[in-house]
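Have a look at the structure below, then the notes.
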Number of protein chains: 2
Amino acid sequence: MTHRTVGGGPGLPAGDPRALVDAPSPDCPVEIALAALRGRWTTLVVRELLGGERGYGELRAALPKLSDKVLSERLAQLAGAGVVVRERRPGWPPTVRYALTPRGRELGPVLQALWDWGAAAD
Amino acid sequence: MTHRTVGGGPGLPAGDPRALVDAPSPDCPVEIALAALRGRWTTLVVRELLGGERGYGELRAALPKLSDKVLSERLAQLAGAGVVVRERRPGWPPTVRYALTPRGRELGPVLQALWDWGAAAD
DNA sequence: CAGCATCCATTCAGATACTG
DNA sequence: CAGTATCTGAATGGATGCTG
């Protein structure tokens, strides 16, 4: 055994240049994750979807104070981040289902870490 | 043994009302944590301080593209969140040292979780 | 049903200049 | 050395109204 985290698996970098940036960079993994969660309401939308797939109207009903504009923005943002998939169901009236991707479900531990830190009184 | 996470320790809530909010709330632990990390440059400032205490000028040197205005704002924000302490050293020229609090050091695992998610290719 | 378009108020970050 | 003051442009979020 020589140094920590040199082997495999996740972990803070052993020489990963993205840990040395001297300015905010879209390539930094921390920024990637924070970008996915950025913006008001985002974590609440993810929380709803952690309970299973939902239709647009179900999301509106669960978060009644969230406007169409921002909800659409958040869903597009989360879809762009690979967190959410949008599925159109044929027929009338048109229905749409939103669900977390596997990558989206992996946000569970991240939100857990944030919760634990924020809940700790210290 | 009955249910998960009912006992002690951290974990997603067993009946914590803060997990059921229908709008962004400053009481939600996740929001508390994200508020501490919010804003451009914030995580980079924390990263610098994870390497040990620093003076104002050392932070400026490590992050040369960060303006005085934003650096001051971030340090005040982090101090308000209990992440950083500011210590004035007497004498001339005036010097100041910034260091993470114990609570600030506990951001390590949070940043690790964010890093791991952002670094995962999936 | 599931949204997009538009307008407006607020917040945010960068640049520059000045101070205890 | 370690900041604060001020200004400006960009991004953000909410409200309202319209559409496939």
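In this text, all values refer to a predicted model and were calculated from it rather than measured experimentally. No hydrogens, no waters, no symmetry mates; every other heavy atom, side chains included, goes into these values. First the proteins, then the strands, lettered A, B, ... as listed; each starts at 1.
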Inset, instruction - Tell me what Arg89(B) touches on the nucleic acid: a base, only sugar-phosphate, or nothing, going by heavy atoms under 4.0 Å. - result: nothing
Inset, instruction - May I ask you to say whether Arg97(A) pairs ionically with Glu58(A), meaning some side-chain N is under 4.0 Å from a carboxylate O? - result: yes
Legend entry - Atom of Arg40(B), atom of Pro24(A) and distance for their closest heavy-atom approach: NE-CG, 3.7 Å
Legend entry - Residue-phosphate contact under 4.0 Å: Thr95(B) side-chain N/O, dC1(D) OP1/OP2: no
Legend entry - Flag for Tyr98(A)-Arg54(A): side-chain donor and acceptor within less than 3.5 Å: no
Inset, instruction - Can you pull out how bent the helix from dC1(C)-dG20(D) to dG20(C)-dC1(D) is, comparing the axes over its first five and last five pairs, to 10°? - result: 50°
Is there any protein nitrogen or oxygen under 3.5 Å from a nitrogen or oxygen in nucleotides 13-16 of chain C, and what are the pairs?
| unit_1 | atom_1 | unit_2 | atom_2 | d |
| --- | --- | --- | --- | --- |
| dA13(C) | OP1 | Arg40(B) | N | 3.0 |
| dA13(C) | OP1 | Arg74(B) | NH2 | 2.8 |
| dA13(C) | OP2 | Arg74(B) | NH2 | 2.6 |
| dA13(C) | N7 | Lys69(B) | NZ | 2.6 |
| dG14(C) | OP1 | Arg40(B) | NH1 | 2.0 |
| dG14(C) | OP2 | Trp41(B) | NE1 | 3.2 |
| dG14(C) | O6 | Lys69(B) | NZ | 3.0 |

Inset, instruction - Give a yes or no on whether a salt bridge exists between Glu53(B) and Arg89(B), defined as a side-chain N under 4.0 angstrom from a carboxylate O. - result: yes
Pairs: protein N or O with nucleotides 9-11 of chain D N or O, under 3.5 Å:
none

Inset, instruction - Go through dC1(D), dT4(D), dG3(C) for me and flag the one nearest to the Val96(A) side chain. - result: dG3(C)
Inset, instruction - Group every Ile, Leu, Val, Met, Phe, Trp and Tyr by side-chain heavy-atom contacts under 4.5 Å, then state whether Trp41(B) and Leu50(B) land in the same group. - result: yes
Inset, instruction - Compare side-chain N and O positions of Tyr98(A) against OP1 and OP2 of dG3(C) and report whether any pair is under 4.0 Å apart. - result: yes
Inset, instruction - Give a yes/no on whether any side-chain N or O of Arg88(A) is located under 4.0 angstrom from OP1 or OP2 of dC1(C). - result: no
